2 protein chains.
Amino acid sequence: MAEDYVELIAELIESRGEARPVEIAERFGVKPPTVTKNISRLKAAGLVRREPYRAIFLTDAGRELAEACRRRHRIVVAFLLSLGIDEETAERDAEGIEHHVSTTTLEAFEHALLQSQSGK
Amino acid sequence: MAEDYVELIAELIESRGEARPVEIAERFGVKPPTVTKNISRLKAAGLVRREPYRAIFLTDAGRELAEACRRRHRIVVAFLLSLGIDEETAERDAEGIEHHVSTTTLEAFEHALLQSQSGK
DNA sequence: TAGATAAATTAGCCGTGTCTAACTTTTGAA
DNA sequence: TTCAAAAGTTAGACACGGCTAATTTATCTA
Ligand SMILES: [Mn+2]
Ligand SMILES: [Mn+2]
Ligand SMILES: [Mn+2]
Ligand SMILES: [Mn+2]
């Protein structure tokens with residue numbers, strides 16, 4: 001959970017300037033109270049900073065985690081695409097797969113990606 | 001959860017002749033009461049048949065699900081191995097990845113597997 | 001600037017999956 | 001054949017992630 005949240009929060013801050021619960025709820029297909037509760041957990045975990053009724057900010061730890069997650073996400077998607085999978089499926093599957101890919105496997109994906117690029 | 005359980009139950013029946021809660025608990029690194037409760041849910045879902053204090057059997061539906069899961073598991077592991085990932089990591093990662101692989105992606109894995117075999 | 005609307009929170013519920021402690025049933029050895 | 005050890009179950013607790021209904025706060029608009 002935490003990974004998907006910080007990832008989305010980072011993206012919202014980048015694209016919208018701020019991360020709002022209502023956006024998060026829409027993106028995850030979840031109701032606002034669920035977001036409120038989960039954001040509290042993120043705050044308790046030191047990943048997020050925020051005051052009630054205000055936008056959500058990432059802590060340093062949160063930003064670091066977000067960056068790692070976004071990188072992993074990009075690699076997994078790119079890898080699936082390189083296998084000829086359509087974009088929609090690649091995105092959907094990557095959203096789950098990304099949470100189970102070890103460093104070893106991620107590196108193997110990157111390596112395979114390079115091969116497929118050189119081999120056209 | 002159900003997928004991992006029926007998969008393991010099928011394997012235990014095949015290798016040991018029967019599936020016992022104590023073995024399931026060990027394999028999943030979980031305590032026996034957890035297994036009891038989860039097996040009850042499997043029974044409620046019509047995947048498993050059993051009487052208290054006796055071994056666990058799969059229903060037809062359970063057996064079908066188990067077969068599908070084992071097939072997916074084998075393909076994901078084989079695919080990761082074909083990328084040069086070590087067996088331990090491949091098994092560990094596959095255990096999570098298998099639950100997020102769509103039919104489309106599974107087919108892409110199979111296809112890539114064939115390519116890697118022909119290309120030696 | 002008042003009032004309506006939108007956004008967010010709180011309270012309380014539920015199902016899942018985990019645990020420990022205590023109990024019951026089965027089993028296997030003496 | 002008995003009875004101790006192993007296996008399994010029950011009871012009760014907890015954290016997580018989801019929900020609805022009701023309330024509170026912020027925002028926009030007339
Ligand atoms: Mn994800
Ligand atoms: Mn992601
Ligand atoms: Mn699994
Ligand atoms: Mn598996």
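Note: hydrogens, waters and symmetry copies are ignored here, and every other heavy atom, side chains too, is used. Note on naming: letters A, B, ... go to the chains in the order of the sequence lines (proteins, then strands), and numbering restarts at 1 for each one. Note that the structure is predicted; figures quoted are calculated from it, not measured.
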Distance in angstrom units between [X] [atom1] and [N] [atom2], rounded:
| X | N | atom1 | atom2 | result |
| --- | --- | --- | --- | --- |
| B/M1 | C/dG15 | CE | C1' | 11 Å |
| B/D4 | C/dT18 | CG | C1' | 15 Å |
| B/I39 | C/dT18 | CD1 | P | 12 Å |
| B/Y53 | C/dT26 | OH | P | 7 Å |
| B/N38 | C/dT16 | CG | P | 10 Å |
| A/K43 | C/dA8 | NZ | P | 15 Å |
| B/E18 | C/dT27 | CD | C1' | 13 Å |

Requested in this report: Just jot down the ring pair (Phe, Tyr, Trp, His ring centres under 6.0 Å) partners of B/H100, sequence neighbours excluded, or say none.
Outcome: A/H100
Requested in this report: Answer yes when B/R92 and B/E95 have at least one side-chain N-carboxylate O distance shorter than 4.0 Å, and no when they do not.
Outcome: no
Report task. Using the closest heavy atom to pick a nucleotide of DNA chain C for each, name whichever of B/K37 or A/S40 lands nearer the 5' end. Result -> A/S40
Query raised in the report: Any side-chain donor-acceptor pair under 3.5 Å between B/Q115 and B/H111?
Result: yes
**Report entry** B/E98: which of B/R72, B/R74, B/H73 passes side chain to side chain donor-acceptor pair (under 3.5 Å)
**Finding:** B/H73
Query - side chain to side chain donor-acceptor pair (under 3.5 Å) partners of residues 48-60 of chain B, not counting sequence neighbours, each pair once - result: B/D60-B/R63
Report task. Go through C/dA21, C/dT10, C/dA8 for me and flag the one nearest to the B/P33 side chain. Result -> C/dA21
Query raised in the report: Are any of B/T34's side-chain N or O atoms less than 4.0 Å away from OP1 or OP2 of C/dC19?
Result: yes
Query raised in the report: Is any side-chain N or O of A/R20 closer than 4.0 Å to OP1 or OP2 of C/dA7?
Result: no
Query raised in the report: Can you name the closest pair of heavy atoms from B/A66 and B/V6 and give their distance?
Result: CB-O, 3.6 Å
Query raised in the report: Any idea which heavy atoms bring B/A94 and B/V76 closest together, and the distance?
Result: CB-CG1, 3.6 Å
What nucleic acid atoms does [X] come within less than 4.0 Å of, heavy atoms only: base, sugar-phosphate, or nothing?
| X | value |
| --- | --- |
| B/V30 | sugar-phosphate |
| B/R50 | sugar-phosphate |
| B/P21 | sugar-phosphate |

Query raised in the report: Contact boundaries of DNA chain D with chain A (under 4.0 Å, heavy atoms), 5' to 3'?
Result: D/dC16 to D/dA26
